[in-house]
Asks: 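I'd like to ask some things about the structure below.
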Amino acid sequence: MRNASFAAGLSTLAFGLAGLVSFALQLVPPGLGFEDTDNPSVSIAFVQAHSDIPVITGVSLILMAIALTVSVLSVAAVTAPRADSLAMRCLAAFGLFAAALFLVTGGLRIGASGPLLHIASLRGEWGEAAYLAAQVAGQAVGISGIVGLCLWAVGLSVIGCRKRVLPTWLFVLGIVPAFRLLVSTLGPLGLLPDSELLWILGMVSVPGTMVWCLLLGIVLLRRGFGSTREHLAVPVTAGA
């Protein structure tokens, strides 16, 4: 069981790190002087000048998908002795759904750059239209993946706390993916106030969810190494 905890922790940790790298890469264009990356003409200019960045971003998303797949399956196996099997299967479905969408998003990032630049070279308006189409598709798939990830994280934190297989503090920090889940689902329905602060918190909650995954990975790794009282299948105290 400790070997399983180690595998689950390592894959979860790898996912969190890849997720933070992917998020940081989204901040590269403004840092290089391309301030309005929502403008298709500016974005095309950025891809022309730095065509490697979308590819690196796509690779990080694919690595996220691989790591999350291993993490979801490993965590489900580790928690199976104490958690409800049906609930864990539902959670695994959400996690695998998110991994599949991250894989698609990564593929779009890698595969769209070449055709986009080719179309833009033929006619600028066509290139802008192609960029907007790729951007809308990528954002829709990516946000859906984040929703699936948050469902997995929130469900795991609740079940882990109820069954005492995860530390209580990790359950408390589950408010971060829960907040992102609310923003992603209620925001498009117009059920949240139009607030700049709320938008900022929603954006911060994306890397915050990755940090939650990092902490989960550390907890699992420590138990895999046997540095805590017992492995995941044994109840833990609130401060463990």
Asks: Any chance you could measure L10, atom CG, to I218, atom CD1, to the nearest 0.5 Å?
Replies: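 Reported to 0.5 Å precision, the distance equals 12.0 Å.
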Asks: Do any side-chain atoms of residues 11-25 form donor-acceptor pairs under 3.5 angstrom with protein atoms, and if so which ones, sequence neighbours left out?
Replies:
{"unit_1": "S11", "atom_1": "OG", "unit_2": "A7", "atom_2": "O", "d": "3.0"}
{"unit_1": "S11", "atom_1": "OG", "unit_2": "A8", "atom_2": "O", "d": "3.0"}
{"unit_1": "S11", "atom_1": "OG", "unit_2": "S71", "atom_2": "N", "d": "3.3"}
{"unit_1": "T12", "atom_1": "OG1", "unit_2": "A8", "atom_2": "O", "d": "2.6"}
{"unit_1": "T12", "atom_1": "OG1", "unit_2": "S71", "atom_2": "OG", "d": "2.6"}

Asks: In a table with atom names and distances, give each donor-acceptor pair under 3.5 Å that connects a side chain of residues 101-115 to protein atoms at least two apart or in another chain.
Replies:
{"unit_1": "T105", "atom_1": "OG1", "unit_2": "L101", "atom_2": "O", "d": "2.8"}
{"unit_1": "S113", "atom_1": "OG", "unit_2": "R109", "atom_2": "O", "d": "3.4"}

Asks: Using links of under 4.5 Å between side-chain heavy atoms of ILVMFWY residues, direct or through other members, which residues join L122 in one cluster?
Replies: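 Traced through the cluster, L122 reaches I119, W126.
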Asks: Examine V211 and L166 and state if one hydrophobic cluster contains both, with Ile, Leu, Val, Met, Phe, Trp and Tyr joined whenever side-chain heavy atoms are less than 4.5 Å apart.
Replies: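 Hydrophobic grouping puts V211 with L166.
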Asks: What are the two closest heavy atoms between V55 and S51, and how far apart are they?
Replies: CG2-O, 3.6 Å
Asks: Side-chain contact, heavy-atom cut-off 4.5 Å: L198 with P193?
Replies: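 Contact flag for L198/P193 side chains = yes.
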Asks: State, to 0.1 Å, how close L117 and I44 come at their nearest heavy-atom pair, and which atoms those are.
Replies: CD2-O, 4.3 Å
Asks: In Å, rounded to the nearest 0.5 Å, how long is the span from CZ of R180 to CG of L201?
Replies: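 These two atoms lie 11.0 Å from each other.
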Asks: First locate atom CZ of F171, then atom CG of L173, and finally report the distance between them rounded to the nearest 0.5 Å.
Replies: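 Reported to 0.5 Å precision, the distance equals 10.5 Å.
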Asks: Find the distance between CD (Q48) and OG (S43) and round it off to the nearest 0.5 Å.
Replies: 11.0 Å
Asks: Can you list everything that forms a side-chain hydrogen bond (donor to acceptor under 3.5 Å, both in side chains) with S41? Sequence neighbours excluded, please.
Replies: N39
Asks: Got a sec, which residues hit side-chain hydrogen bond (donor to acceptor under 3.5 Å, both in side chains) with S74, two or more places apart in sequence or on another chain?
Replies: none
Asks: With side chains defined as the heavy atoms from C-beta onward, is the minimum distance between F97 and L151 less than 4.5 Å?
Replies: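 Counting from C-beta outward, F97 and L151 never come under 4.5 Å.
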Asks: Applying a strict under-4.5 Å side-chain criterion to I, L, V, M, F, W and Y, I'd like to know whether V141 and W152 cluster together.
Replies: no
Asks: Same hydrophobic cluster for L170 and L91, using side-chain heavy-atom links shorter than 4.5 Å among ILVMFWY?
Replies: yes
Asks: Going from SG on C150 to CD1 on I143, what distance comes out if it is rounded to the nearest 0.5 angstrom?
Replies: 11.5 Å
Asks: Would you name the heavy atoms of G95 and V72 that are closest together and state the gap between them?
Replies: CA-CG2, 3.7 Å
Asks: L181, V158: one ILVMFWY side-chain cluster at the under-4.5 Å cut-off?
Replies: no
Asks: So which atom in G127 and which in L116 form the shortest heavy-atom distance, rounded to 0.1 Å?
Replies: O-CD1, 3.3 Å
Asks: Side chains of I159 and V165: closer than 4.5 Å at any heavy-atom pair?
Replies: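 No. Closest side-chain heavy atoms not under 4.5 Å.
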Asks: Hey, what else clusters with V176 if you join Ile, Leu, Val, Met, Phe, Trp, Tyr whenever side-chain heavy atoms sit under 4.5 Å?
Replies: I175
Asks: Counting only heavy atoms not in F94 (residues, nucleotides, ligands), do more than 12 fall under 6.0 Å from its CZ?
Replies: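 Result for CZ/F94: open.
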Asks: Indicate yes or no: at least one non-hydrogen side-chain atom of L221 is less than 4.5 angstrom from one of F6.
Replies: yes
Asks: Indicate yes or no: at least one non-hydrogen side-chain atom of H50 is less than 4.5 angstrom from one of D52.
Replies: yes
Asks: Kindly indicate, with the supporting measurements, whether the criterion side chain to side chain contact (heavy atoms under 4.5 Å, CB included) is fulfilled by V28 and T57.
Replies: CA-CA 10 Å; V28 169; T57 304; over 6 Å; no
Asks: Please say yes or no: joined through hydrophobic side-chain contacts below 4.5 Å, possibly via intermediate residues, are I146 and L215 part of one cluster?
Replies: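 Looking at the clustering, L215 is in the same group as I146.
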Asks: Taking the side chain as C-beta and beyond, is there a heavy-atom pair between T209 and L149 under 4.5 Å?
Replies: yes
Asks: Are the side chains of Y131 and V42 in contact, using a 4.5 Å heavy-atom criterion?
Replies: no
Asks: Using 0.5 Å steps for rounding, measure from the NZ atom of K163 to the CE atom of M88.
Replies: 11.5 Å
Asks: Taking all heavy atoms of F34 and all of A45, pick out the closest pair and write down the distance.
Replies: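 Smallest heavy-atom distance, with atoms named: CE2-C, 3.9 Å.
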Asks: Are W199 and V183 side-chain neighbours, meaning at least one heavy-atom pair lies under 4.5 Å?
Replies: no
Asks: Any idea which heavy atoms bring G174 and V154 closest together, and the distance?
Replies: O-CG2, 4.1 Å
